[in-house]
Structures are given as C-alpha cells and as structure tokens.
Amino acid sequence: MTTTSASYLAIYAVVARIPRGCVATYGQVAGLAGLPGRARLVGYALSALAGGSAIPWQRVVNARGRISPRSCGSDADTEQRLRLEHEGIQFDAGGRIPLERFLWRPGE
DNA sequence: CCACTGACGAGTG
DNA sequence: GCACTCGCCAGTG
C-alpha cells in the first residue's frame, strides 16, 4: 500500500482497537487518532482498506449510528451490516444502531 | 496550480 | 427530527 500516511496509520491503530460487539463513530475515531474534526479522513482511510485488510472497518459507522452508503456498486454496506449483526449488534427498524447501547467507550 | 469529489461532523433555523 | 451550510484532508484530471 503506497498511501502510507501518519494520519492513516493512527486511524488504523484506533479502529483495530475497537472490541468485538461494539461500534465507533468516524468523529470518535478521528479524535482518538489525534485528528479532531477530521472525520472525513477516517472515512477516506477506511475506504482504502475495505476488501483485504485485517482492520475491522465494519465497526465504524457515522454519528447517526447508520452505515454510510458509498457510491460504486457497494455490496460492502450489506456485508458490513451482516458482519455487525453476526457480532451481536442489533439494528432498529430504521436500520440504525442504538449508539447508547453499542457505542465503544475507550477506557471502560 | 485549480476544481471536483468522497465511508463525515457540527452548527443553525 | 429534517434540510442547508461550512469546514477538513487527500486523490485525480
């Protein structure tokens, strides 16, 4: 991978830290990675991972507790939901994740 | 170098 | 809760 940026590595390190059965938001990951306000970078970095890395990118969702839909074909969104449900995370009728219950709390 | 695009967030009405 | 706007960084033409 040639997109080796310090910011990317920090993001990957945080995402890899997310415990199974929990989820984190882009903004949360950005903050923990030392990039407050750079939530977009998290999404950008994760997009480069999806498909082959050992990083649990599926545990990262947006601030509304929803899986962000991407542009091209995107069968990954469906796979992401299946993976999360497989880890024990439940979605409500609106296809959202109750963050008050599944949000990852570092240090807990 | 400039413009456009992309897994987003927070603030405002 | 929804719609709109602004801010942020990186990759591509």
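We name chains A, B, ... by the order of the sequence lines, and we start the count at 1 in each one.
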Q: Once you round it to whole Å, what is the distance between P of dC8(C) and CG of L35(A)?
A: 14 Å

Q: Could you check how far CZ of R70(A) sits from P of dC8(B), rounded to whole Å?
A: 10 Å

Q: Could you give the OH-to-P distance, from Y26(A) to dA7(B), as a whole number of Å?
A: 9 Å

Q: Does OP1 or OP2 of dC9(C) have a side-chain N or O of R38(A) closer than 4.0 Å?
A: yes

Q: Rounded off to whole Å, could you give me the CZ-to-P distance for the R83(A) and dA7(B) pair?
A: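 One finds 19 Å between P of dA7(B) and CZ of R83(A), rounded.
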
Q: Taking all atoms of both residues into account, what is the closest heavy-atom pair of V15(A) and P56(A), and its distance?
A: O-CG, 3.4 Å

Q: Roughly how many Å is it from OH in Y44(A) to P in dC4(B), rounded to a whole number?
A: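 Rounded to whole Å, this separation is 17 Å.
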
Q: Could you go step by step and tell me if E87(A) and R83(A) meet the salt bridge (charged side-chain N to carboxylate O under 4.0 Å, His left out) rule?
A: CA-CA 6 Å; E87(A) 292 185 359; R83(A) 282 191 173 207; over 6 Å; no

Q: Please give, in whole Å, the distance from dA7(B) P to I18(A) CD1?
A: 19 Å

Q: Would a hydrophobic clustering, with Ile, Leu, Val, Met, Phe, Trp and Tyr connected at side-chain separations under 4.5 Å, put L32(A) with I55(A)?
A: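 Both belong to a single hydrophobic cluster.
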
Q: Could you check L41(A) against G27(A) and say which one's nearest nucleotide on DNA chain B is further toward the 5' end?
A: L41(A)

Q: Please report, rounded to the nearest Å, how far the C1' atom of dG9(B) is from the CG atom of L32(A).
A: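 Spelled out: CG on L32(A) to C1' on dG9(B) is 15 Å.
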
Q: Let me know the distance between CZ of R66(A) and P of dA7(B), rounded to the nearest Å.
A: 17 Å

Q: Return the minimal non-hydrogen interatomic distance between L99(A) and R64(A), and the atom names on each side.
A: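 Heavy atoms only, the tightest pair is CD1-C, 4.3 Å.
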
